[in-house]
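For reference, the structure is listed below as structure tokens.
Model, not experiment: these values are computed from the prediction.
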Amino acid sequence: MQVGFKALADRYGIVLAQPLRVESVIGTTRVSRESDGYVENKYPASYQPTDDFTGHFEFGLKYEEIHLEFFARLFAAIGPESIEAWCRQAPFGQYARRTGFLYEWLTGRHLDVPDVTNGGYVDAISSQQYLTRVKPLRIRRWRINDNFPGVPGFCPMVRRTEAVQEALQFDLDAALRELNQAFGADILMRTASWLTFKESRASFLIEKEADKADRIQRFAHVIAKYCGHIEDPLSHDSLHTLQAGILGHDAVGLGLRRSPVFVGQATMHEDIVHYIAPQYETLPQLLDGLKAFELATRGAEPLARAAVLAFAFVYIHPMRDGNGRIHRFLINDTLIRDKAVPDGVILPVSATITSSIDFRARYDRTLEVFSRSFMQRYATSYRFGELVVYEDGTQSNLAFDNYDDAQFAWRYPDLTEHVLYTAQVVAHTVRTEMADEARVLTIFQRAQERLKEVLEMSDQDASRVIRSLKENGWQVSGKLKKAYPQLDNAHRAERVVEAVRSAFEERAAGADEE
């Protein structure tokens, strides 16, 4: 017999955009199986709950996972009567109290039951199992510690799975200190300067716009200028500033969009829709909710906060253009604000994402954790009809019929996989991408120093000579001789080549020995 939240979903016809991960049944022995992210739990007959709302909901709170989208849809479907009866029957029971609190928190409606007058305060959710707000709010009416990381208008959830907990153990500060000790503060900061540009270029590669040189330079400037420094990055003014910096101040439709938007791809015959974003009228509420999450979780794990803020932003999709780049900007911005990364150091997370087929494919799969199931739920709810010109100048023929219903999903996304992915990307970025760049810069600096011992020149000239020699197989090209006549002297040219080449081959020999 099926029990718990799944039993209630089936009984009341609740169709979710984010499916329940856990299914519980009564059998003979207690067994748990997990496959493809879904869990089947079997319990002996002694666990059998009463076959009504109270029995199944209490069972779910005890043994299954918090699922705010399901709770909100369920409460809208059943109304207050069942919960009021439960609260009157067990006024001091923690599960009745938690359910009463959840109902009022999610619906904004007041239950017709008296306040709880005694008993200890209990947490709304487990801080061992979920990312929670740092300082719980004491709700006297229910004697509940509201430790949800967000607010009813927007509350992303992160489950502290074993994999997530392991990924969040990565000590970013210690890893950066190791780089500092290995290469020196000067090299690390010079590496950071180059990586700002590399992050910008890789970010455009993710957006399939790698040839937009002027926009790459603009975004690099935005990263360097504003990461960790722009006031209230999720405010309308700050988002406008970031977007204008990325797209240019003359771009059309800057600021929060006033039109529908979907993420997809165009073909010769039709538009393929991968994701439909919330209606523009709700953007201020959703962004305010995301800001409330940021405020409530200050002091929690920076990697988890960075992931939630960045991925939640891209699902809200508040701008006409530039959402993806601001999404990745927010990762570095949050880490700098949380002092997990020194001011001025930019982690090239986009470079890591594009560094391998696996990381890029996982980035897309991570985005699809929410968007794919969302679009399966609303596969028949959108169409392309008459072209409409909206307030922000956008022309769109997208019509979506279920904006109100979809709010249940948009407000309460499960971002567990997004935290796992982001933490793993950041760890790889520091241990591999930044370490590799620091090594390259160290070698290049050594080559410059040795070259100048043979032939005095500026850093810019030395860089040009080094690149030319390396690209031409350690040969002095005619073009290089023309630019630097001193290299026409065969003996001097040979010494220059040997000086530069020794810097690179010394590193290669060291790497072989390792």
Side-chain angles (χ1 to χ4, degrees), residues 66 68 125-137 146-151 153-161 163-176 223 226-235 238-239 242 286-316 318 323 326-343 345-347 349-350 352-353 363 366-367 369-370 411-427 429-430:
I66 300 297
L68 293 182
I125 55 175
S126 166
S127 58
Q128 280 74 49
Q129 296 176 340
Y130 301 93
L131 179 67
T132 55
R133 71 167 48 234
V134 172
K135 294 180 180 177
L137 307 173
D146 173 7
N147 59 348
F148 277 113
V151 292
F154 187 78
C155 187
M157 294 295 290
V158 177
R159 291 173 282 110
R160 292 185 178 278
T161 64
V164 165
Q165 286 297 88
E166 183 180 344
L168 291 178
Q169 291 301 309
F170 173 62
D171 191 332
L172 185 50
D173 182 60
L176 288 171
I223 295 170
Y226 293 118
C227 254
H229 296 285
I230 193 166
E231 186 177 350
D232 190 6
L234 294 171
S235 72
S238 292
L239 289 175
L242 293 172
L286 293 171
L287 286 172
D288 284 347
L290 187 55
K291 284 191 278 186
F293 165 88
E294 193 281 321
L295 188 63
T297 57
R298 285 182 189 175
E301 291 97 336
L303 289 172
R305 280 167 40 80
V308 171
L309 288 166
F311 278 98
F313 179 87
V314 86
Y315 287 133
I316 294 170
N323 294 284
I326 295 175
H327 147 72
R328 288 181 289 279
F329 168 92
L330 286 171
I331 294 175
N332 271 297
D333 180 77
T334 304
L335 293 175
I336 291 172
R337 286 177 193 278
D338 285 2
K339 296 182 170 45
V341 171
D343 193 4
V345 173
I346 300 299
L347 306 184
V349 290
S350 299
T352 297
I353 292 168
Y363 179 71
T366 301
L367 284 169
V369 167
F370 181 81
R411 287 178 182 172
Y412 309 121
D414 183 319
L415 300 182
T416 304
E417 291 300 317
H418 308 71
V419 170
L420 176 62
Y421 177 74
T422 303
Q424 291 174 340
V425 162
V426 168
T429 298
V430 176

Euclidean distance, K339 NZ relative to L172 CG, rounded to 0.5 Å:
14.0 Å
Can you name the nearest heavy-atom pair linking L290 to V308, along with the distance?
CD1-O, 4.4 Å
Donor-acceptor pair, S238 side chain versus S235 backbone, under 3.5 Å?
no
Using 0.5 Å steps for rounding, measure from the CZ atom of F148 to the CG atom of L68.
5.0 Å
Taking all non-hydrogen atoms of both residues, which atom of L415 and which atom of P156 are closest, and how far apart?
CD1-CB, 3.8 Å
Measure the CG-CD1 distance between L242 and I326 for me, rounded to the nearest 0.5 Å.
5.5 Å
So which atom in A310 and which in H327 form the shortest heavy-atom distance, rounded to 0.1 Å?
O-ND1, 2.8 Å
Just how far is it from atom CG of L239 to atom CG of L287, taken to the nearest 0.5 Å?
6.5 Å
For L131 and A300 the tightest heavy-atom approach is CD1-CB, 4.2 Å
Considering residues at least two apart in sequence or located in another chain, which fulfil the side chain to side chain donor-acceptor pair (under 3.5 Å) criterion with D171?
none
So, do C227 and I346 sit near enough that their side-chain heavy atoms are less than 4.5 Å apart?
yes
Are the side chains of P136 and D146 in contact, using a 4.5 Å heavy-atom criterion?
no
Shortest non-hydrogen contact between K135 and R133, atoms and distance
O-CD, 3.2 Å
What verdict does the side chain to side chain contact (heavy atoms under 4.5 Å, CB included) test give for D333 and I223, after you've listed the backbone C-alpha separation in whole Å, the side-chain angles of each residue and the deciding distance to 0.1 Å?
CA-CA 8 Å; D333 180 77; I223 295 170; over 6 Å; no
How many angstroms lie between CZ in R337 and CG in N332, if you round to the nearest 0.5 Å?
12.0 Å
Answer whether the closest heavy-atom distance between the side chains of C155 and F293 falls below 4.5 Å.
no
Given side chains that start at C-beta, do those of F313 and P318 come closer than 4.5 Å, heavy atoms only?
yes
Derivation of the side chain to side chain contact (heavy atoms under 4.5 Å, CB included) call for I331 and L347
CA-CA 9 Å; I331 294 175; L347 306 184; over 6 Å; no
Atom CD of residue position E166 - does it have more than 12 heavy atoms of other residues, nucleotides or ligands inside 6.0 Å?
no
Going by the rule ring-ring contact (aromatic ring centres under 6.0 Å, His included), which residues pair with Y315 if we only count those two or more places apart in sequence or in a different chain?
Y275, F370, H418
From F311 atom CZ to L367 atom CG, the distance as rounded to the nearest 0.5 Å
5.5 Å
Evaluate the side-chain proximity of L335 to L303: yes if any heavy-atom separation is below 4.5 Å, no if none is.
yes
Which residues pass the side chain to side chain donor-acceptor pair (under 3.5 Å) test with Y421, sequence neighbours left out?
none
Can you list the steps and then say if F154 with I316 is a side chain to side chain contact (heavy atoms under 4.5 Å, CB included)?
CA-CA 10 Å; F154 187 78; I316 294 170; 4.2 Å; yes
List for me each residue that meets salt bridge (Lys or Arg N to Asp or Glu O under 4.0 Å) alongside E301, sequence neighbours excluded, and say none if there are none.
R160
Holding to side chain to side chain donor-acceptor pair (under 3.5 Å), I want the full list of residues that pass it with S126, two or more places apart in sequence or in another chain.
none
Does D338 have any salt bridge (Lys or Arg N to Asp or Glu O under 4.0 Å) partners at least two apart in sequence or in another chain, and if so, which?
R305
Taking side chain to side chain contact (heavy atoms under 4.5 Å, CB included) as the test, write out the residues that go with A427, two or more places apart.
F170, R431
Any L420 side-chain heavy atom under 4.5 Å of L168 side chain:
no
All pairs passing salt bridge (charged side-chain N to carboxylate O under 4.0 Å, His left out) where residues 411-423 contributes a residue, at least two apart:
R159-D414
Determine whether V419 and T422 satisfy the following criterion, side chain to side chain contact (heavy atoms under 4.5 Å, CB included), listing intermediate values before the conclusion.
CA-CA 5 Å; V419 170; T422 303; 5.9 Å; no
Under the side chain to side chain donor-acceptor pair (under 3.5 Å) test, residues paired with T334 that sit two or more places apart:
none
If you measure only the distance, is there a donor-acceptor pair under 3.5 Å linking the side chains of D343 and H229?
yes
Got a donor-acceptor contact below 3.5 angstrom from the Y130 side chain to the I66 backbone?
yes
Do N147 side-chain atoms and I125 backbone N/O form a donor-acceptor pair below 3.5 Å?
yes
Partners meeting salt bridge (Lys or Arg N to Asp or Glu O under 4.0 Å) with D288 (sequence neighbours left out)
K291
